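Can you read through this structure? Questions will come right after.
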Number of protein chains: 2
Amino acid sequence: MKDIRPKLITLLKTDYATPQIARLAKRITSPSTTIHYNIKRLEDEKAILTYKAVFDYKKIGEGFCSYVLVSLSPEEYADPEKIARDLAKHSEIESVDICTGDWEIVLKVRTKDQDAYYDLVRRVLSRRGISKTKTLMSMKQLKTEFVNV
Amino acid sequence: MKDIRPKLITLLKTDYATPQIARLAKRITSPSTTIHYNIKRLEDEKAILTYKAVFDYKKIGEGFCSYVLVSLSPEEYADPEKIARDLAKHSEIESVDICTGDWEIVLKVRTKDQDAYYDLVRRVLSRRGISKTKTLMSMKQLKTEFVNV
DNA sequence: GTTAATATTTGAATATTCTCCAAATGGATA
DNA sequence: TATCCATTTGGAGAATATTCAAATATTAAC
């Protein structure tokens, strides 16, 4: 008997959920077909990208969260997107933004613990093109993905 | 006829979605009752907090995204959580973390445009207890909430 | 303003999916 | 091996999503 929950968590992190049309219909007091029509519209015009679960990350072994400010070396200024796309591939990285100011890229990262974070920094963030990083370690999370926790 | 889509967006931002058990069952090739049992377990132990939609925020009038590093005045160091909880109440604020280092609180904020952001800073971030803020404006978002965009 | 074209709302019927239950299986312990 | 508890599974019923066609509302054209 093998535990399928890690697999479920992986899938639900970005997908495999769907809107509750009947519940929305009750909440807004419109016929569910109207809700259905309007949601399909949002999906068709790609205003809604996906439906997913939000986790208590401590309980799924991703309790260590930090923001990483990344500074690029001058030769990368022209195309920060290349490095940013590379970073976005990693499942531990929740968000990737290309920003203005002293730091060209801002990451939000979730790992099991500080060791796993250190490992990620070595594997992923110590590379040509990245000249400097600054880590802001989250000690307590009050809200994430618009959800109060 | 009044547009219900803003209301749908608000509700789907934090809730009103549900897992697709049948689709997960196909993907993992287990009976859907097994999937159901395991997901209920994750929900019961509150590893899963909610199911929600992820949006193309530009398309729902929240195209301006920035990270705000907040520095507290010394008298607030003892209890940053009070201010943080206050900040978390605002619907424009996607995440709130209490962090180590030079900046005690890190926010991720989404507004319609720079004007709306400026307005939020004035209304919410110009207050006793907050001594300084630094804004990192996102020019391009590559990944958010684990979803590549 | 009136008409025509298009978009949205809605109810009814069907298709699909979820959920409950009870039985079977698996794993752990003594 | 026997016992206990957790997990898996199939079947049945309940709930929900989806399709379709008709009605209504909105917009555009004249």
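As a basis for the values below, the full set of heavy atoms in this structure was taken, side chains included, without hydrogen atoms, waters or symmetry mates. Naming convention: chains lettered A, B, ... in sequence-line order (proteins, then strands); numbering from 1 in each chain. All values derive from a computational prediction rather than experimental measurement.
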Okay, side chain of D113(A), backbone of D115(A): is any donor-acceptor separation there less than 3.5 Å?
-> yes

Pairs satisfying ring pair (Phe, Tyr, Trp, His ring centres under 6.0 Å), at least one member in residues 95-129 of chain A, at least two apart |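 Applying ring pair (Phe, Tyr, Trp, His ring centres under 6.0 Å) to every pair that reaches into residues 95-129 of chain A, excluding sequence neighbours, yields F64(A)-Y117(A).
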
Pairs involving residues 73-82 of chain A, ordered by first then second residue, that meet salt bridge (Lys or Arg N to Asp or Glu O under 4.0 Å) (sequence neighbours left out) | E81(A)-R85(A)

On DNA chain D, check which nucleotide each of S30(B) and A22(A) is closest to and give me the residue with the more 5' one.
-> S30(B)

When rounded to the nearest 0.5 angstrom, what is the spacing between CD in Q141(B) and CD1 in I98(A)?
->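 Separation between the atoms: 10.5 Å.
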
Could you tell me from which nucleotide to which nucleotide of DNA chain D, 5' to 3', there is an atom under 4.0 Å from chain B heavy atoms?
-> dA6(D) to dT26(D)

Kindly state each residue pair satisfying side-chain hydrogen bond (donor to acceptor under 3.5 Å, both in side chains) with at least one member in residues 26-37 of chain A, sequence neighbours excluded.
->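 Non-adjacent pairs meeting side-chain hydrogen bond (donor to acceptor under 3.5 Å, both in side chains): R27(A)-Y16(B).
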
Only counting residues at least two apart or in another chain, list the ones meeting salt bridge (Lys or Arg N to Asp or Glu O under 4.0 Å) with D102(B).
->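 K134(A).
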
By a strict heavy-atom criterion of less than 4.0 Å, which residues belonging to residues 34-44 of chain B are in contact with DNA chain D?
->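 Contacting residues: T34(B), Y37(B), N38(B), R41(B).
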
Checking K143(B) side chain against H90(A) main chain: does a donor-acceptor pair fall under 3.5 Å?
->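 Yes.
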
For DNA chain D, determine which residues of residues 14-21 of chain A have any heavy atom closer than 4.0 angstrom to one of its atoms, and list them numerically.
->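 Residues of residues 14-21 of chain A that come under 4.0 Å of DNA chain D are, in numerical order, P19(A), Q20(A), I21(A).
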
Over all heavy atoms of both residues, which pair between Q20(B) and A17(A) is shortest? Give the atoms and the distance, please.
-> OE1-O, 3.3 Å

Its contact letters, B for base, S for sugar-phosphate only and - for none at protein heavy atoms under 4.0 Å, make nucleotides 21-27 of chain C read -----SS

Can you give the donor-acceptor pairs under 3.5 Å from side chains of residues 52-61 of chain A to other protein atoms, not counting sequence neighbours?
residue: K52(A); atom: NZ; partner: K13(A); partner atom: O; Å: 3.0
residue: K52(A); atom: NZ; partner: E145(A); partner atom: OE1; Å: 2.8
residue: K52(A); atom: NZ; partner: E145(B); partner atom: O; Å: 3.1
residue: D56(A); atom: OD1; partner: K58(A); partner atom: N; Å: 3.3
residue: Y57(A); atom: OH; partner: E145(A); partner atom: OE2; Å: 2.7
residue: K59(A); atom: NZ; partner: E45(B); partner atom: O; Å: 3.3

Taking the side chain from D3(B) and the backbone from R5(B), do they hold a donor-acceptor pair closer than 3.5 Å?
->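 Present.
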
Could you list the residues that satisfy side-chain hydrogen bond (donor to acceptor under 3.5 Å, both in side chains) with E43(A), not counting sequence neighbours?
->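 Residues passing side-chain hydrogen bond (donor to acceptor under 3.5 Å, both in side chains) with E43(A): K40(A), Y51(A).
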
Not counting sequence neighbours, which residues clear side-chain hydrogen bond (donor to acceptor under 3.5 Å, both in side chains) with D86(A)? List them please.
->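 So D86(A) forms a side-chain hydrogen bond (donor to acceptor under 3.5 Å, both in side chains) with K89(A), R127(A).
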
For the helix from dG1(C)-dC30(D) to dT17(C)-dA14(D), measure the angle between the helix axis at one end and the axis at the other, each built from five pairs, rounding to 10°.
->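 Axis angle across the helix from dG1(C)-dC30(D) to dT17(C)-dA14(D), nearest 10°: 30°.
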
Donor-acceptor under 3.5 Å (S131(A) side chain, S71(A) main chain) =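 Present.
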
